[in-house]
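Working notes for the structure below.
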Protein chains: 2
Amino acid sequence: MARIEDIARELNVSVSLVSKVLSGRMGSTRVSPRVAEAIRGRADALGYRKNVSAAGLATGRQHTIGVLMHALGVPGSGIAEAMLHGISREAAAHNQRVILQFFHEDNQMRSWIDEVDHTSVDGVMVCGGMHWDLLADYLALQQRRVPIVTLHDRQMHPSIGTVGCLQAGVGRMAAEHLIRCGCRRPAIIGSNYSQARGSLEVLREADLPCDPSRVFVARGYLWTTGEEAVAHFASEGVQYDGLIAHSDQQAAGAINALIRSGRRVPEDVKIIGVDNSAACDFAVVPLSSISQQERTQGLLGVRMLMSLIENPQQRPDPVWVEPVLHARRSSAAPA
Amino acid sequence: MARIEDIARELNVSVSLVSKVLSGRMGSTRVSPRVAEAIRGRADALGYRKNVSAAGLATGRQHTIGVLMHALGVPGSGIAEAMLHGISREAAAHNQRVILQFFHEDNQMRSWIDEVDHTSVDGVMVCGGMHWDLLADYLALQQRRVPIVTLHDRQMHPSIGTVGCLQAGVGRMAAEHLIRCGCRRPAIIGSNYSQARGSLEVLREADLPCDPSRVFVARGYLWTTGEEAVAHFASEGVQYDGLIAHSDQQAAGAINALIRSGRRVPEDVKIIGVDNSAACDFAVVPLSSISQQERTQGLLGVRMLMSLIENPQQRPDPVWVEPVLHARRSSAAPA
DNA sequence: CTGAAAGCGCTTACAG
DNA sequence: CTGAAAGCGCTTACAG
């Protein structure tokens with residue numbers, strides 16, 4: 001509960017000087033090292049801690065960023081947590097606190113944003129599902145001088161900073177990998193349009209079958225959709241020697257269904273998922289997967305946001321992280 | 001950027017009155033509904049947002065709680081995220097912001113705590129691994145008038161509020177379940193001492209084999225320890241018809257190893273894990289598991305912390321949530 | 001009952 | 001160069 005004033009009084013120096021020394025912002029002021037040392041020593045001895053509200057009120061900087069996480073990732077994927085780890089660590093490196101709020105509905109998010117301005121956070125980061133309905137709210141927030149960075153796979157607006165991973169690239173990587181492993185007729189569990197498009201492009205370029213019948217359009221990323229896809233392709237008589245899933249859960253569900261129907265993975269069908277979740281390693285057949293580097297996204301997102309906070313006029317180009325392939329046995333070529 | 005003063009001036013009322021109306025704390029003051037309405041209307045029209053730093057400085061309440069998360073849960077378990085969801089939602093219900101920081105080492109945590117006092121957060125919640133080394137820091141934080149609640153499975157100190165799940169109870173539940181499913185000779189993958197003890201108690205009470213040789217002491221909760229346990233019991237010649245694991249990853253690793261060695265789950269060996277993670281549903285053999293209700297823990301933790309913030313003198317009794325059994329095929333009794 | 005005024009603890013432009 | 005003083009925007013005890 002010691003205040004700057006207490007230190008100043010005890011040391012017979014001005015409050016200004018103590019403030020300047022303790023905040024490290026000396027301006028044009030000069031102090032003898034002796035005095036500076038005395039001030040710091042006294043602060044320590046008194047257990048002085050800066051009152052962040054008072055400092056924030058005076059400077060207008062809160063040293064706080066808001067993180068809004070909109071239901072991200074399939075349960076167990078661990079991607080939301082990875083992103084938060086990246087954000088948390090990088091924010092700490094920039095001496096920023098992180099205010100976290102999870103959301104399930106647009107309206108919760110809208111009312112949170114509506115209450116916020118530059119006196120509560122220095123900037124805002126939005127993670128998870130992209131919601132065009134919220135664009136107007138994001139822009140309104142910017143008007144209130146709160147810079148915003150989204151961690152999405154598309155840039156919603158030129159004035160909104162974005163870090164993400166291009167989904168078409170993920171889809172391309174999956175298809176290229178299966179082809180490299182010897183697949184000639186991969187099928188696709190298509191939950192993500194851009195990923196599916198990327199995969200189909202690669203198949204077309206390689207002169208492999210790529211008609212729409214080879215894509216099972218799923219509504220979601222859960223393991224059940226993987227089972228459904230296997231059943232669907234069977235009932236439609238679609239032949240395939242590879243399966244591109246859009247989540248690891250999906251891929252796991254598909255593996256289970258295939259094994260149950262007597263097919264072998266990877267001998268008969270090679271499979272690859274997305275998320276590189278922990279379960280890839282301990283699946284019956286260790287699962288090949290593609291990581292979108294969520295942790296790195298979080299880190300780069302914070303950097304971009306900090307740079308926007310320093311210089312609000314910028315319109316930074318979107319940053320796209322490269323997906324990373326993790327090949328495991330589910331896609332292994334015959335030995 | 002509108003301030004209370006702007007509203008007051010436009011409406012020709014006092015700043016005090018506007019503050020009282022907008023904060024809803026009228027004290028002994030009375031306003032006509034007409035004036036109150038006018039004030040609120042003007043605030044809306046001007047896009048007024050309370051400056052939380054100024055309010056915090058004046059009242060001493062920050063409407064913010066700090067959440068320190070110390071590497072919690074095996075990757076993919078989803079328990080850290082569940083806990084955060086519970087915390088985030090309940091904090092919002094109490095109109096509190098959540099400041100989140102992840103930690104990997106004691107010292108990071110120590111220095112965070114050391115910088116904090118009641119002018120930056122109203123209270124602190126500690127989740128994840130229990131670190132006795134930090135007890136002194138927690139108590140020092142309390143001295144600085146910051147109440148603290150830990151989400152641990154033991155109470156570290158009578159003055160520290162605690163919400164958790166008693167590990168012996170988890171162990172008991174696992175053993176009781178396997179016995180109910182027909183196991184007469186369960187073995188244990190013992191990563192958690194208290195859980196193992198609980199299971200052994202139940203075995204002893206049921207007059208089933210419970211000598212130490214039936215516990216494989218593992219160092220960690222990853223799937224590899226599950227494989228190691230199966231190999232260990234095989235090489236030691238330990239016979240078992242049930243396997244109690246202390247994480248789902250472990251259980252999954254064990255299932256894989258058992259299947260590879262030609263044993264059937266659940267026919268030859270019944271297995272149960274802990275965490276009730278998403279992967280339980282899409283494992284080759286859907287995995288029975290025990291949930292420690294992390295989401296509920298988070299919720300109750302916030303409630304306890306809020307109550308400590310209102311009334312710092314309390315020494316609330318620890319709250320232990322009941323573990324919840326989720327039976328799946330891996331432990332199914334013969335049909 | 002009402003509102004002017006002091007105060008929360010810091011920062012910094014600027015008078016001396 | 002230095003430090004007194006004003007100011008950040010809110011809250012609330014208390015003088016009238």
Side-chain angles (χ1 to χ4, degrees), chain A residues 1-36 38-39 42-43 46-64 115-122 144-145, chain B residues 1-36 38-40 42-43 46-64 95 115-122 144-145:
Chain A
M1 349 248 145
R3 301 153 306 156
I4 278 189
E5 199 191 321
D6 301 319
I7 300 172
R9 189 161 7 84
E10 291 200 20
L11 254 39
N12 244 312
V13 296
S14 74
V15 166
S16 324
L17 192 63
V18 176
S19 170
K20 285 168 179 165
V21 168
L22 290 181
S23 67
R25 270 173 286 161
M26 296 302 297
S28 57
T29 307
R30 194 123 318 180
V31 246
S32 72
R34 242 179 43 75
V35 173
I39 289 175
R42 220 57 218 116
L46 294 174
Y48 172 78
R49 285 171 186 79
K50 184 182 294 190
N51 183 316
V52 293
S53 294
L57 181 58
T59 62
R61 274 282 254 119
Q62 313 311 130
H63 291 285
T64 302
E115 285 180 11
V116 160
D117 67 8
H118 65 107
T119 69
S120 47
V121 295
D122 298 323
R144 270 176 261 136
R145 303 185 6 215
Chain B
M1 349 247 143
R3 300 153 308 155
I4 278 190
E5 199 192 320
D6 300 320
I7 299 172
R9 190 163 2 86
E10 290 200 20
L11 254 40
N12 246 312
V13 296
S14 74
V15 166
S16 323
L17 192 62
V18 176
S19 169
K20 286 168 178 167
V21 168
L22 290 182
S23 66
R25 269 173 287 160
M26 296 303 295
S28 57
T29 307
R30 194 122 321 179
V31 244
S32 72
R34 241 180 42 73
V35 173
I39 289 174
R40 275 189 274 268
R42 218 61 217 112
L46 294 175
Y48 172 77
R49 284 172 186 79
K50 184 182 296 190
N51 184 316
V52 292
S53 294
L57 181 57
T59 62
R61 274 283 256 117
Q62 314 310 130
H63 291 284
T64 302
N95 196 22
E115 284 180 11
V116 160
D117 67 8
H118 64 106
T119 69
S120 46
V121 295
D122 299 322
R144 270 175 262 136
R145 301 181 11 213

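In what follows, chains are A, B, ... by sequence order, proteins preceding strands, each numbered from 1. Being a predicted model, the structure only gives us computed values, none of them experimental.
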Between C1' of D:dT2 and CD1 of A:Ile39, the distance in whole Å: 13 Å
Pair assignment for DNA chain C - dot-bracket with | for other-strand partners, Watson-Crick or G-U under 3.5 Å: |||.||||||||.|||
B/S/- contact track for nucleotides 7-16 of chain C, protein heavy atom under 4.0 Å: BBBBBBB---
Under 3.5 Å: donor-acceptor pair, side chain of B:Asp122, backbone of B:Arg61: no
Chi angles and distances behind the side chain to side chain contact (heavy atoms under 4.5 Å, CB included) call for A:Arg42, A:Val18: CA-CA 10 Å; A:Arg42 220 57 218 116; A:Val18 176; over 6 Å; no
Separation between CD1 of B:Ile39 and CD of B:Glu10, rounded to the nearest 0.5 Å: 12.0 Å
Spacing of the P atoms in C:dA13 and D:dC10 (rounded, Å): 22 Å
Name of the residue among A:Val15, A:Asn51, A:Val21 meeting side chain to side chain contact (heavy atoms under 4.5 Å, CB included) with A:Ile4: A:Val15
Any donor-acceptor pair under 3.5 Å from A:Thr59 side chain to A:Ala55 backbone: yes
Steps toward side chain to side chain contact (heavy atoms under 4.5 Å, CB included) verdict (B:Val31, B:Val13): CA-CA 11 Å; B:Val31 244; B:Val13 296; over 6 Å; no
A:Ser23 and A:Lys50: CA distance, side-chain angles, deciding distance, side chain to side chain contact (heavy atoms under 4.5 Å, CB included) verdict: CA-CA 9 Å; A:Ser23 67; A:Lys50 184 182 294 190; 3.8 Å; yes
Partners meeting salt bridge (Lys or Arg N to Asp or Glu O under 4.0 Å) with A:Arg49 (sequence neighbours left out): B:Asp114
